[in-house]
Structures are given as C-alpha cells and as structure tokens.
Peer 1: 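Structure in structure tokens, see below.
Letters A, B, ... mirror the listed sequences (proteins, then strands); counts begin at 1. Below, all heavy atoms of this structure are taken into account, side chains as well, without hydrogens, waters or symmetry copies.
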Amino acid sequence: MKTHTCGELREKDAGTSVQLAGWVNRRRDQGGLIFIDLRDRWGITQAVVDLEAAPEAHAIADSVRNEYVLRIHGTVRIRPEGTANPDLATGDIDIVADQIEILNRSHTPPFYINKDEGALDEALRMRHRYLDLRRETMQQNILLRHRVVKFIRDFLDAEDFIEIETPILFKTTPEGARDFLVPSRLQPGMFYALPQSPQQLKQLLMVGGFERYFQIARCFRDEDLRGDRQPEFTQLDLEMSFVQREDVMRLMEQLATEIVRQVTPQKRLIAQPFPRIRYRDALEQYGTDRPDIRFDLRAVDISEIAGRSAFPVFAANVQAGKKVKCMRVPGLAGTLSGTQLRKVARDLETMARRAGAKGLAYITIPTDPAGELKGPIGKFFSVELKLELLAAMGAQGGDLLLFMSDEAQIVYAVTDALRNHFKAELDLDDDLLAFCWIYDFPEFIWDAEHQRWDPSQHMFTMPLPEDLHLLDSDPGRARGSQYDLVCNGYEVGGGSIRIHDRAIQEKIFPLIGQSMQQAIAEFGHMLEAFEYGAPPHGGMAWGIDRLVMLLAGAPNIREVIAFPKTQGGTDIMAHAPSTAEPEQLRDLHIQLDMPAE
RNA sequence: GGGGGCGUGGUGUAGCGGUUAACAUGCCGGCCUGUCAAGCCGGAGAUCGCGGGUUCAAAUCCCGUCGCUCCCGCCA
C-alpha cells in the first residue's frame, strides 16, 4: 500500500511518484488548498491537495478528520521558496496529491494524539491504550525498548550465549513473593505457579551443559504494585558456567556500558568502571542498598565525638553501643531566615519520626566565621568539640548538620528518608546514569517474626568461599556472593554465584527454617541435579522495564510497557481480571467462597 | 492492611460557601490557494466522579464510596 514511509522522503526524491499511508496528524484547510500532515511510525510528511488540479482528491481531503487512515498517491515536490518547514525532517518537500483513499475513519480521539505536552489522566490513557501508544513519546519508548532488547540479544549472541525458553506453567516456590496460581484441569486440585524468575530452571540448564544461557523472560509476582513494580515484568535472565563473581560482573558491566553508549548515546555514565560499594557501607552511608549516588549526601559516623558531648541522648546511646550519625546539608542554613530554618527543621524532624526516630537534632554553621553554632544541641558541644565536629564533617559556613542516633535500622531509614527528601529538591539530571555495584551482601537476614534466617537474595546463593565455615558457627556473619547493579536509586539487576554442591545446599535449608523432608519435596530435583556433575555457575537477572525506564527518562515503568496494569492490578481497557464462567470453574473443580461484604 | 494527592464541557486547567460555573484547546458550521500549534467569524457542549449530610444557599465545608496515582507494609 505504501512505497515510502512518512519519514524518509527528501529533496533528492523530487519528481518521484509515491504512495504513502498513515494517520492524519493534522489537516489545515485553506479553502482551495488543503494540507494534510500524514503520520506513521517513521515520521510526518505533508501532502498538498489542490482544488483545481485534483478536485476529487480535494473533496475527500475536505471530509477528512484527525486520525483518519489514508492512502495518498502523489508526486514529491520541493516546497516553494520560503515554505520549507525546518522543524520537520521531511520539511523540504511535500507530496502533491492526485489521489486520496480513506482506508478508515476515526472518531475524534478522547485526548490529543498529535501533541505530547501536558499531563493526561492515566486512567483515560489506559482505557484507550491503543491510542495512547500512537503518541510520539510512547512510540519512542516502545521503540527504545525494542532497541535495548535487540542490543542485548546481539551482544550476548556474540559472546556465545544461547537463548532458551523456560516454562511459564511451573511450580510454586515457598520462598519470596506470592505466586500467581493456575489451576490444573488435568490434575484436579493441583496448581501450577507462574515463575517469579527462571532461577531454578536456568541453574538446571547449566547442569544441562549449555554453559552460557540467557532469556528475555517474563516473570510474575503477586505483590502490590509501585511505579517501578508490575505483577508481570520482563527480566534479562542469564547464567554462565565455570565463572567466578568477577567474570559475571565484568561482562555485565560491559553490557550496561555498551547499551548506554550505542543505544542511548545522549546519556552520560557518571563513572567508569562502576563504583563498587559494600552492602554494609551502602547502608551506613546512604541508608539503603540501592543508593542514588548522583548526589553526595551521606551519613557519617561521629559516635566518638558525640559520645564526648554533654548531650545526654548522644552520651547514653554511645554508651549503649548505638551510633550517632551526622548528615551535612551544604549551604541550606545559609539561605534561610531563622523562622524558615526552624520550619524546615520541624518538617525534617516529622519526616524522621515517620521513619521511626524519636527526634532529629540539628546545628547550623554560621556564614560569618566569628558566629556561633546555632541549634537545639549546640550548647552541648564545647568549643574544642565543635571544631572536631566541623573538621570531621568538612563543614562550611551556611551548612546544616543533622544528627541521628538510634537503632541501626532506624538510622538507616531516616538517612534514606532524608536523602530522598533532598533528592526531590535537587532537580537531578536524568541524563546522568550513576551505575554502581553493591556487593558483599549478608547471606542471611534475621527474620524476627518467624525466628529464622531469611536468604538475603535466595536460597541458591553461594556464600563467599572464605565465609563458608560460618554457616555452622555464625550464619549471620556469612556473606553471600551476591552483587546488585544499581542505577540512580533503582535496582536494575542482581546476581550471584550459585550453590552447585548438594552438601552446601543442604546446610542452607535448616537455617531458613525448612526441614529436610520439606526441602526434598520442594527442591529434590535441584539437590539430585547437583549430584550429576553440576558445574560451578553464576549469573544475573536484570529488570528490563526499569532499565528502559531509566534510559527513556520515564517517570515509571508503565511508560515503557505497552499494556501495563493499574495499581489495582487491573487492565481497564480489556477489563481484566474478570469473572469465570460457571462451566470453567466446574471443569477445574473450583468453588468460590467470597467474603460476605 | 495503612497514610497522602487528584477527580469541574471531549481534553487540560481556573473557580474553593451566593458567579449566567471562567479560560485555553478540541469539536461543528462558514470564509479563505502556501499553511504547518494556520488565521478570521459564528455555534454547540458541564446537573463540577457517585451517594449522603451541614447550610437560607454547596463545584466549594463534612462523612462515606468509587476510580487513578504516590508512599509505607509487602516485594529484590
């Protein structure tokens, strides 16, 4: 139907007889002359319809409206002097139309397709997602996603990886997120679970001898949604045999770097090689294991200095073995009046209390070098101690110092909350991609509620070789081989070296509260596989949606997913989920037992 | 499960106790042979998400509810 796209014709094509097809982006009626901007995926080309030269085409053009689907036949012509449009790639030419066919009509769209600025009610967009997808930003986002995935496939293919599909109908795993269940008709009363990730299967592919596997894998987790979390999402899932942690990280860092350089060259990488931050340091300094390191607000341990102050809270906490941390906010105090400052301090304290703290002390550094340190706890620090504090914090005139002291978990939460608060005010550059690695995670995290250890990543993560002995003596101190790739505060990916030895795997189960019987029932196939020459192996999984979101500069992952779910987990276009027919339920031997109102 | 935000012609917003519910854009009609966010003239289009309450009077205040969204819990 079309000889050319709407984005490719240029001056050199003048005189060519062409046929274009696409959507009416806009129509401008001059009376005897009608201009139609015809749009397709590749661009926009202007067609001109002249009443005298082509009366039939003109009559049709007269009836055309936005989003009508047209086939236009005509001749490429260089636009008359002074009428070129420099804003349009095809703006030097237009098509003198001699024949127009309406392939389909369109209602007036419920929102603008042809201009992209301004917020739109997301429910409305979702209800007509097929129209929303026609908008330029959505076209670009989905195209970018394709390019990223294509790049990954090509890159890994060149590295001798092969793509293997693993089943969507699989088995429930008791750990981690809630499963989506699918009832089995052939096995009444039994359920498949949709995979939360192909973790077990990819390890079994290593036992299967493929050595280098990847998959663009759909994963499912039945948990509440967020701007960066959908119940079904796409992972780059990857596994390699005969590798150590460093081998995987090196290759993955190269992949990330090349994606940015070649697919989104307008983005800048903040550092290379990517900074590596120990899990413990990330928590201590940033309060989170996925820090946004585009800005440098950190919590600094000043327990030693604070412990010598006269402030009873600090002294007592340090005595009790708790830390006192300080965050320096450069210049904030210098720009505020006393009243404003007290209000800011109050708001920050409210924030800290929400994060679990009992309070949030502060001190301001005067811009005048002879001035006094101000703030509720200033008086508890002697002159000498103040100087030590300023030196330790690298404080300058006008800075605001915030103090946190409590249980470690609370201090982390406050640090994270404060950082997120200031981040919002900093107007950070989205074109800057601050990748970093987080590593040396603990193998386990204590679950106080169930009185057991939980795997920090998952139960197949190999402890660091030098910490293996701790599994027996002090599991809480054992570090795992896990590594996470973080970018601008988002966890983009995570991986580890896996256990390939049955004896080690069997040590994990009792620690995480599983009996051997349970373990064999659920994971007997894994344990058995390890006994048939399982190679050492490790890998990684990337959240493709999050990666593309960051590369697109999109505010959430729904913007890079063609048909995402709403926060309630629904599709308001097709009305999913929906009720099942009684006959379907009967086939599955399912009876509904809905709560009474 | 909990906390916050939003909901006003098709769309985006203003109005925040008494307005003829305003503006822009879109839509419909007319004029116009070089426009490109076209222009000019005219017109239609809103019981202000829904339900209840307070009040002489509610888009506006209160309660509930529904929808979308952000965050905590949950989730790596």
Peer 1: Heavy atoms under 4.0 Å, any strand shown: does A:R558 hit a base, just sugar-phosphate, or nothing?
Peer 2: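 Answer is sugar-phosphate: A:R558 comes under 4.0 Å of backbone atoms only.
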Peer 1: So what does A:N66 touch, heavy atoms closer than 4.0 Å: a base, only the sugar-phosphate, or nothing?
Peer 2: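 Result for A:N66 = sugar-phosphate.
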Peer 1: Ignoring backbone atoms, test whether A:T570 places a side-chain nitrogen or oxygen under 4.0 Å from the OP1 or OP2 oxygen of B:rC68.
Peer 2: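 Answer is yes, contact under 4.0 Å.
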Peer 1: Look at the side chain of A:D121 against the base of B:rG12 and say whether a donor-acceptor pair falls under 3.5 Å; ignore hydrogens and angles.
Peer 2: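 Side chain to base: no pair present.
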Peer 1: Using the C1' atom in both, what is the distance from B:rG1 to B:rA22, to the nearest Å?
Peer 2: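 Here B:rG1 and B:rA22 have their C1' atoms 42 Å from each other.
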Peer 1: Salt bridge or not for A:D347 and A:K343, using N-O below 4.0 Å?
Peer 2: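 Salt bridge between A:D347 and A:K343, a charged N being under 4.0 Å from a carboxylate O: yes.
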Peer 1: With heavy atoms under 4.0 Å as the rule, sort A:D29 into base, sugar-phosphate or nothing.
Peer 2: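 It contacts base atoms.
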Peer 1: If pairing requires Watson-Crick or G-U wobble contacts with both distances under 3.5 Å, which nucleotide is the partner of B:rG42?
Peer 2: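 Its partner is B:rC28 (Watson-Crick or G-U wobble, both distances under 3.5 Å).
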Peer 1: Establish, with yes or no, whether the OP1 or OP2 oxygen of B:rA38 is under 4.0 angstrom from a side-chain nitrogen or oxygen of A:R26.
Peer 2: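 Yes, such a contact exists.
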Peer 1: Thinking salt bridges, do A:K115 and A:E136 make one under a 4.0 Å N-O criterion?
Peer 2: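 Salt bridge absent between A:K115 and A:E136.
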Peer 1: Hey, is the side chain of A:R28 poking within less than 4.0 Å of OP1 or OP2 on B:rU33, counting only N and O atoms?
Peer 2: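 No, A:R28 has no side-chain N/O under 4.0 Å of OP1/OP2 on B:rU33.
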Peer 1: Is B:rA37 paired to anything, Watson-Crick or G-U wobble with both distances less than 3.5 Å, and if yes, which nucleotide?
Peer 2: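 The answer is none; no pair meets the criterion.
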Peer 1: Report yes if at least one side-chain N or O of A:T566 is closer than 4.0 Å to OP1 or OP2 of B:rC68; otherwise report no.
Peer 2: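 It does, given that an N or O in the side chain of A:T566 lies less than 4.0 Å from OP1 or OP2 of B:rC68.
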Peer 1: Quick one: do A:R145 and A:D545 make a salt bridge, cutoff under 4.0 Å?
Peer 2: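 A:D545 and A:R145: salt-bridged.
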Peer 1: Would you mind pulling out the nucleotide paired to B:rC68, Watson-Crick or G-U wobble, both distances under 3.5 Å?
Peer 2: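 Check on B:rC68: paired to B:rG5, both distances under 3.5 Å.
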Peer 1: Toward the 5' end of RNA chain B, which comes first, A:P109 or A:E52, by nearest nucleotide?
Peer 2: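 Of the two residues, A:P109 wins.
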Peer 1: I want to check one thing: is the phosphate of B:rA38, taken as OP1 and OP2, less than 4.0 Å away from some side-chain N or O of A:Q30?
Peer 2: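 Checking A:Q30 against B:rA38: no side-chain N or O falls below 4.0 Å of OP1 or OP2.
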Peer 1: Using the C1' atoms only, state how far B:rU20 lies from B:rU25, rounded to an integer number of Å.
Peer 2: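 Pairwise C1' distance, B:rU25 against B:rU20, rounds to 23 Å.
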Peer 1: Kindly say if A:R27 contacts the phosphate of B:rC36, meaning a side-chain N or O under 4.0 Å from OP1 or OP2.
Peer 2: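 Checking B:rC36 against A:R27, no side-chain N or O comes under 4.0 Å of OP1 or OP2.
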Peer 1: What's A:A47 touching, base or sugar-phosphate or nothing? Going by heavy atoms closer than 4.0 Å.
Peer 2: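 No contact.
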Peer 1: Remember a base hit wins even if backbone is also touched, and classify A:T83 as base, sugar-phosphate or nothing at under 4.0 Å, heavy atoms.
Peer 2: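 Counting heavy atoms under 4.0 Å across all strands, the contact made by A:T83 includes a base.
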Peer 1: Can you tell if the side chain of A:E559 reaches within under 4.5 Å of the side chain of A:M138, non-hydrogen atoms only?
Peer 2: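 Side chain of A:E559 against side chain of A:M138, heavy atoms only: contact under 4.5 Å found.
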Peer 1: If you measure from the C1' atom in B:rA58 to the same atom in B:rG18, how many Å do you get, rounded?
Peer 2: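 Per the computed distance, 10 Å lies between those C1' atoms.
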Peer 1: Does the plane of the ring in A:H458 sit parallel, tilted or perpendicular to the ring in A:F460? Use 30° and 60° as the thresholds.
Peer 2: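 Plane angle between 30° and 60°, so tilted.
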Peer 1: Centre of A:Y112's six-membered ring, under 6.0 Å away, within 45 degrees of the axis: is that where NZ or CZ of A:R135 sits?
Peer 2: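 That pair does not qualify as a cation-pi contact.
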Peer 1: Should B:rA22 form a Watson-Crick or G-U wobble pair with both distances under 3.5 Å, which nucleotide is its partner?
Peer 2: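 Base partner found: B:rU13.
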Peer 1: Could you tell me whether the side-chain ring of A:F35 sits stacked on the base of B:rU35, using a centroid cut-off under 5.5 Å and a plane angle under 30°?
Peer 2: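 It does: the ring sits over the base of B:rU35.
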Peer 1: Taking B:rC70 as the reference, what is the distance to B:rC28 when you measure between their P atoms (whole Å, please)?
Peer 2: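 The same atom, P, in both gives a distance of 35 Å.
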Peer 1: Below the 4.0 Å mark, does B:rC36 have OP1 or OP2 next to a side-chain nitrogen or oxygen of A:N25?
Peer 2: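 Looking at the OP1 and OP2 atoms of B:rC36, neither is under 4.0 Å from any side-chain N or O of A:N25.
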Peer 1: Using a heavy-atom cut-off of under 4.0 Å over every strand shown, decide if A:L124 touches base, sugar-phosphate, or nothing.
Peer 2: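 Result for A:L124 = sugar-phosphate.
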